[in-house]
Every structure is written in structure tokens, then in C-alpha cells.
Asks: 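Dropping the structure in here first, questions after.
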Amino acid sequence: MMNLAMNEHRLAKPGPQNAALRDYDSVRRAIAFISEHWRAQPTIEAMADAAAVTPDELHHLFRRWAGLTPKAFMQALTLDHAKGLLRDSASVLDAALDSGLSGPSRLHDLFVTHEAMSPGEWKNGGAGMTLRYGFHPSPFGTAIVIASGRGLAGLAFADPGEEQAAFADMKRRWANATYVEDRDGTSGLAQRIFDTRMWRADQPLRVVLIGTDFEVRVWETLLKIPMGRAVCYSDIANKIKNPKASRAVGAAVGRNPVSFVVPCHRALGKGGALTGYHWGITRKQAMLGWEAGQVGVH
DNA sequence: ATCATTTTAATCG
DNA sequence: CGATTAAAATGAT
């Protein structure tokens with residue numbers, strides 16, 4: 001019988017698809033190593049060793065992964081570089097959107113149109129709603145894409161073996177919704193999200209923001225941060241006219257269900273430190289390093 | 001009571 | 001004095 005087994009995401013076939021996952025896994029190990037030993041000025045050799053590849057492979061790996069040399073990548077992870085990302089951070093938020101928008105906003109470099117949904121409208125944990133989901137390879141590990149009829153509702157990431165745990169984490173947010181696996185239905189979304197060449201204004205990505213007023217305001221602000229830039233939590237607090245709520249902003253940023261698309265990884269501490277990330281600081285570093293490589297490409 | 005913050009005060013060398 | 005911690009302040013869930 002040729003039934004489509006429901007939980008068969010573990011049978012990953014080798015191929016170009018999974019090259020992405022394998023690449024990220026090595027990158028992840030390299031980053032983890034750097035995080036631990038950055039004080040000791042690790043050599044490329046030491047990094048390669050930690051990632052279980054040769055220095056030559058490491059070089060090639062980074063070029064393929066983000067178009068960056070290992071050296072450039074390392075620099076993209078330094079505190080100095082992070083501070084550079086924060087340059088003019090406050091004004092970045094002002095400039096972006098205030099320039100002639102009418103109707104659906106042009107937000108982010110990944111053109112996104114969003115629609116807010118209060119917890120009230122999403123009554124009782126999403127009871128009666130149907131959410132389609134799928135697991136897809138991405139530059140940052142396995143991505144879990146969750147879509148409602150109105151658009152993209154959730155995006156999560158998982159390391160090898162943790163896919164189900166990550167999915168459970170997402171399910172908790174809309175506990176009473178009905179979940180239907182539909183990998184074919186979500187693969188288009190996944191492709192559009194991670195391939196910068198598909199970031200076009202004529203085909204904006206529809207996103208549904210489900211959260212409280214305050215949270216939605218914070219997430220909308222995040223969407224204004226351009227690729228390769230960053231702001232600190234207090235900048236956001238100022239932008240939403242609640243200057244003393246930087247702490248609350250941090251909490252709200254962390255609750256964003258559509259990570260990466262809503263660029264929560266571009267929010268840093270005031271000093272440039274990566275203060276936290278729901279899917280792991282390592283992944284936040286990876287995203288910033290990857291973006292550093294994408295910016296040059298164009 | 002918790003939190004992916006920030007500021008200020010206190011301490012150390 | 002500069003750098004590194006500790007404590008207090010603060011707003012939303």
C-alpha cells in the first residue's frame with residue numbers, strides 16, 4: 001500500500017536539499033566553538049577541527065553557505081562588528097517606513113505584508129482553526145513552516161533530532177488548533193523565505209501576526225529593520241513611545257512566532273551583545289553572519 | 001512572579 | 001580611572 005506515512009520526516013534522502021542541513025550543522029559547530037574560545041583567538045585550523053572538517057573544507061563550506069570566507073565570517077561575529085550594526089540604529093527605524101507608504105506596507109527586505117490578529121479573535125487557543133505545516137531544510141537547520149489560510153503564521157527552527165520538540169513548542173502557542181502536515185503546501189513558502197533572490201515586491205509574503213497589541217507593535221517595528229542592520233531593545237521601546245519598557249520589549253520580541261521573517265535576530269543589547277534567542281544564541285549568530293554575507297551579494 | 005533590558009551604584013586593581 | 005559585578009528600576013503577561 002502506498003500510503004503517505006504521516007511522520008516520515010526522518011527518512012531524509014541524501015541530495016542537494018540536505019546539503020544545506022549538513023552545511024549548517026558544520027557551521028553551527030564552528031560557531032559554538034568560536035563562542036567558547038573567542039578569547040583565545042582560535043585559528044582556522046582549530047575551528048575546522050571542532051567542526052570535524054579540514055581547514056580547506058571549512059573555507060569552501062562558508063563560501064557555499066553564505067558567500068563568506070571563514071575570516072570574514074569570524075569578523076561578523078565580533079562585538080565590534082555588532083556595534084557597527086547598531087550604528088544609527090535609532091534613525092534606521094525612523095527613516096525606513098516613513099517614506100511614502102500607503103496601503104499594504106513595504107516592510108523588510110523580504111517584502112512582507114502583515115495582518116494583526118488579537119488573541120481574542122483567535123479564541124481559545126485557535127480552536128476551530130486549521131494550520132498546515134511542513135518541515136523544510138534551511139540555512140539554519142530544519143525549518144518548521146506553519147501556515148493558516150491567511151498566510152504564514154509560524155516559523156521555527158530545529159537541530160537534528162529536535163524536530164519534534166520544536167514542533168511541540170510551536171503547537172503550544174495555539175494548543176487547540178487542528179494541525180495537518182502538508183509539506184508540498186508549505187515548501188513554496190520555505191523557498192520564498194530563504195532564497196533572497198525571491199524577495200520581490202510584486203510577490204509579497206503574507207504574514208499573520210497573532211499577539212497582544214503591545215507585541216504586535218513591537219513586531220511591526222522589527223519589520224522595519226533592514227537586512228544587515230540591527231537595533232537595541234531600548235530603540236524599539238522609544239519607537240513605540242514607551243521608552244521605559246525596554247525590558248518588556250525584550251520579552252515581546254522573544255514571543256514572536258514567526259522568527260527570521262520577523263527579524264527578531266536583529267535586536268541586540270545596547271552594547272552589541274546577543275542577549276538571547278528562543279532557538280538558541282548560536283542560531284542568532286548564524287543568522288547575523290549569514291546576513292553579513294548576503295548583503296554584499298545583491 | 002517572570003523576562004531575550006538598562007541604568008546606577010559599588011568594588012577592584 | 002577603566003573595567004567588571006550587583007542591585008534597583010520598569011512595564012507587559
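This is a predicted model, so every value here is computed, not measured. Every chain is numbered from 1, with letters handed out A, B, ... down the list of sequences.
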Asks: Give a yes or no on whether a salt bridge exists between A:D25 and A:R28, defined as a side-chain N under 4.0 angstrom from a carboxylate O.
Replies: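 Yes, A:D25 and A:R28 are salt-bridged.
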Asks: Verify, without hydrogens or angle tests, whether A:Q285 (side chain) and A:T282 (backbone) share a donor-acceptor contact under 3.5 angstrom.
Replies: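 The answer is no, because no donor-acceptor pair under 3.5 Å joins these two groups.
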Asks: Within this structure, what is the CG-to-C1' distance between A:L86 and B:dT6, rounded to whole angstrom?
Replies: 14 Å
Asks: Mapping A:K270 and A:A248 onto DNA chain B by nearest heavy atom, which one lands closer to the 5' end?
Replies: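 Counting from the 5' end, the first nearest nucleotide belongs to A:A248.
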Asks: Whom does C:dT4 pair with, Watson-Crick or G-U wobble, provided both distances fall under 3.5 Å?
Replies: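 Here C:dT4 is engaged in a pair, and the nucleotide opposite it is B:dA10.
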Asks: Counting only side-chain N and O atoms of A:T212, is one of them less than 4.0 Å from OP1 or OP2 of C:dT13?
Replies: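 Checking C:dT13 against A:T212, a side-chain N or O does come within under 4.0 Å of OP1 or OP2.
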Asks: What is the distance from CD1 of A:I240 to C1' of C:dG11, rounded to the nearest Å?
Replies: 10 Å
Asks: Within the structure shown, what part of the strands sits under 4.0 Å from A:Y277 by heavy-atom distance: base, sugar-phosphate, or nothing?
Replies: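 Base contact.
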Asks: Could you give the CG-to-C1' distance, from A:L268 to B:dT6, as a whole number of Å?
Replies: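 Atom-to-atom, A:L268 to B:dT6, this comes out as 15 Å.
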Asks: Does any nucleotide pair with C:dT10 by Watson-Crick or G-U wobble geometry, both distances under 3.5 Å, and what is it?
Replies: none
Asks: For the side chain of A:C232, counting heavy atoms from C-beta on, which of B:dT6, C:dA12, B:dA4 is nearest?
Replies: B:dT6
Asks: Grab the NZ-P distance between A:K244 and C:dG11 for me, whole Å please.
Replies: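 Whole-Å distance recorded here is 5 Å.
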Asks: Donor-acceptor pair, distance only, cut-off 3.5 Å: does the side chain of A:K83 make one with the backbone of A:G271?
Replies: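 Such a contact is absent between A:K83 side chain and A:G271 backbone.
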Asks: Expressed as a whole number of angstroms, how long is the span from A:I236:CD1 to B:dT6:P?
Replies: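 Going from CD1 in A:I236 over to P in B:dT6 covers 9 Å.
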Asks: Do the side-chain N or O atoms of A:S246 get closer than 4.0 angstrom to the phosphate oxygens (OP1, OP2) of B:dT6?
Replies: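 For B:dT6, OP1/OP2 do not have a side-chain N/O of A:S246 under 4.0 Å.
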Asks: Please determine, for the side chain of A:C264, which listed nucleotide (C:dG11, B:dT6, B:dA4) has the closest atom?
Replies: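 Among C:dG11, B:dT6, B:dA4, the one nearest the side chain of A:C264 is B:dA4.
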Asks: Give the cluster check for A:I281 versus A:F260: same hydrophobic cluster or not, with ILVMFWY residues linked at side-chain heavy-atom distances below 4.5 Å.
Replies: no
Asks: C:dT13 P sits how many Å from A:R255 CZ, rounded?
Replies: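 Nearest whole value for this atom pair: 7 Å.
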